[in-house]
Amino acid sequence: MHPGPAGVRRGLLGATVLGVGRRGKYLIFHLNNGRGLVLHLGMSGQVRRFGVDPMHRHEHMRLEFSDGQTLSFVDARRFGRVCVITDGGPLPRCVRGMERLGPEPIEKGYSAAYLGGHLSGRKARVKSLLLDQRVACGVGNIYSDEALHRAGIRPDRQAGSLKPPEVSRLTVALGSVLKDGIRWCGTTMKDGGFVLVDGGVGSFQDRLRVYGREGERCRRRGCVGVVRRQKLGGRSTHFCPACQK
DNA sequence: CTTGTGTCCTGTAGGC
DNA sequence: TGCCTACAGGACACAA
């Protein structure tokens, strides 16, 4: 059923890229043939410009443009996805989650009313719900920990127990953390993470306040807490027991 | 529907 | 030095 590499190639051949967009964690190359190339970087995926280099390790796809330039998709851990979608058509399985994405926390339309509506009455931990792309699209493990810290909320709180001021703070924190991540060109950890198209690295990892900082001092001004790490839903979770309630 | 767990994949780090 | 295990994470399959 899945068209595979040959189908992707067929969908792209001869097409012109009209523009590039993003929705949640999906990148979309809009084409002039009524289709779109969708890329999801997973956790180790990279879009890279290599020029005339020979094939790189873990390079799964290379786009060749009429002017001789190239764009490569590289992904060591193979959690990423590549597929072609048709405008107005049904989405292939591999990107089915795209049609369920909620509003973007960095856009005007995102509100405390929307977030609260998804948290109220829920018994699941608030962090688990933040990882749900219908609730907070674009948020992953790092940014959920950081947003909860900025909002002063423990990640293991029952989502439905959050009071209106907390929901409000979390709404703001989600937007600000994502915007800061973009401002500092993403988070590049020692074992991988985001890499720019020319191979450059981001610097948001230097500004993280809890993620990856177990045993270190909380970075909130005036807080003397020590960051704790705990498994939550199979995910490594970081928080400050002193300033997150 | 809700909630929690397991799986995919590979490079790297740590233990011994 | 080298082998072994644990860990990292996004999205989804699946179970209860």
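As the structure is a computational prediction, the values presented were derived from the model and not from experiment. Convention: sequence-line order gives letters A, B, ...; per-chain numbering from 1.
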* From A:Arg221 atom CZ to A:Arg209 atom CZ, the distance as rounded to the nearest 0.5 Å ->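 So the CZ of A:Arg221 and the CZ of A:Arg209 are separated by 10.5 Å.
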Side chain of [X] - closest among [options]:
{"X": "A:Lys123", "options": "B:dT3, C:dC12, C:dG10", "value": "B:dT3"}
{"X": "A:Arg100", "options": "C:dG10, C:dA8, C:dC12", "value": "C:dC12"}
{"X": "A:Arg93", "options": "C:dA13, C:dC12, C:dA8", "value": "C:dA13"}
{"X": "A:Ala124", "options": "C:dG10, B:dG4, C:dA13", "value": "B:dG4"}
{"X": "A:His58", "options": "B:dT3, C:dA11, B:dG11", "value": "B:dG11"}

Answer yes or no: does a side-chain N or O of [X] lie under 4.0 Å from OP1 or OP2 of [N]?
{"X": "A:Gln133", "N": "C:dA11", "value": "yes"}
{"X": "A:Lys25", "N": "C:dA11", "value": "yes"}
{"X": "A:Arg57", "N": "B:dG11", "value": "yes"}
{"X": "A:Lys231", "N": "B:dT5", "value": "no"}

Between [atom2] of [N] and [atom1] of [X], the distance in whole Å:
{"X": "A:Ile142", "N": "C:dA8", "atom1": "CD1", "atom2": "P", "answer": "11 Å"}
{"X": "A:His40", "N": "B:dC8", "atom1": "NE2", "atom2": "C1'", "answer": "14 Å"}
{"X": "A:Leu130", "N": "B:dT3", "atom1": "CG", "atom2": "P", "answer": "14 Å"}
{"X": "A:Glu59", "N": "B:dT10", "atom1": "CD", "atom2": "P", "answer": "16 Å"}
{"X": "A:Lys190", "N": "B:dA13", "atom1": "NZ", "atom2": "C1'", "answer": "12 Å"}
{"X": "A:Asp75", "N": "C:dA8", "atom1": "CG", "atom2": "P", "answer": "19 Å"}
{"X": "A:Asn141", "N": "C:dC7", "atom1": "CG", "atom2": "P", "answer": "14 Å"}
{"X": "A:Arg81", "N": "C:dC12", "atom1": "CZ", "atom2": "C1'", "answer": "7 Å"}

* Taking for each residue the nucleotide of DNA chain B bearing the nearest heavy atom, is the 5' side occupied by A:Phe79 or by A:Ser128? ->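 The residue mapped nearer the 5' terminus is A:Ser128.
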* Asked: When you match A:Arg125 and A:Asp191 each to their closest nucleotide on DNA chain B, which lands nearer the 5' end?
  ->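 The residue whose closest nucleotide sits nearer the 5' end is A:Arg125.
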* Asked: Can A:Gln69 and A:Arg49 be counted as having a side-chain donor-acceptor contact under 3.5 angstrom?
  ->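 A:Arg49 and A:Gln69 do have a side-chain donor-acceptor pair below 3.5 Å.
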* To do: State, without any angle test, whether A:Thr237 and A:Lys231 hold a side-chain donor-acceptor pair at a distance under 3.5 Å.
  => no
* State whether the distance check finds a donor on one side and an acceptor on the other, under 3.5 Å, for side chain A:Arg77 versus base C:dA8. =>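 It does, because a donor-acceptor pair links the side chain of A:Arg77 to the base of C:dA8 below 3.5 Å.
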* Do A:Arg235 and C:dG10 have a side chain to base donor-acceptor pair shorter than 3.5 Å? -> yes
* To do: Would you mind classifying the nucleic acid contact of A:Gly97 as base, sugar-phosphate or nothing, using non-hydrogen atoms under 4.0 angstrom?
  =>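 Result for A:Gly97 = sugar-phosphate.
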* Which part of the nucleic acid does A:Arg229 contact within heavy-atom distance under 4.0 Å: base, sugar-phosphate only, or nothing? ->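 The residue A:Arg229 makes sugar-phosphate contact but no base contact.
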* To do: For side chain to side chain contact (heavy atoms under 4.5 Å, CB included), just list the numbers for A:Leu129 and A:Arg122, CA-CA rounded to whole Å, side-chain angles, deciding distance to a tenth of an Å, and then say yes or no.
  => CA-CA 9 Å; A:Leu129 290 189; A:Arg122 300 289 298 271; 3.4 Å; yes
* Applying ring-ring contact (aromatic ring centres under 6.0 Å, His included), run through A:Phe239 and A:His149 and close with a yes or a no. => CA-CA 6 Å; A:Phe239 67 98; A:His149 177 262; 9.9 Å; no
* Asked: Starting at the 5' end of DNA chain C and moving along, which residue's nearest nucleotide shows up first, A:Met43 or A:Arg96?
  -> A:Met43
* Lys/Arg N to Asp/Glu carboxylate O, A:Arg157 vs A:Glu166, below 4.0 Å -> yes
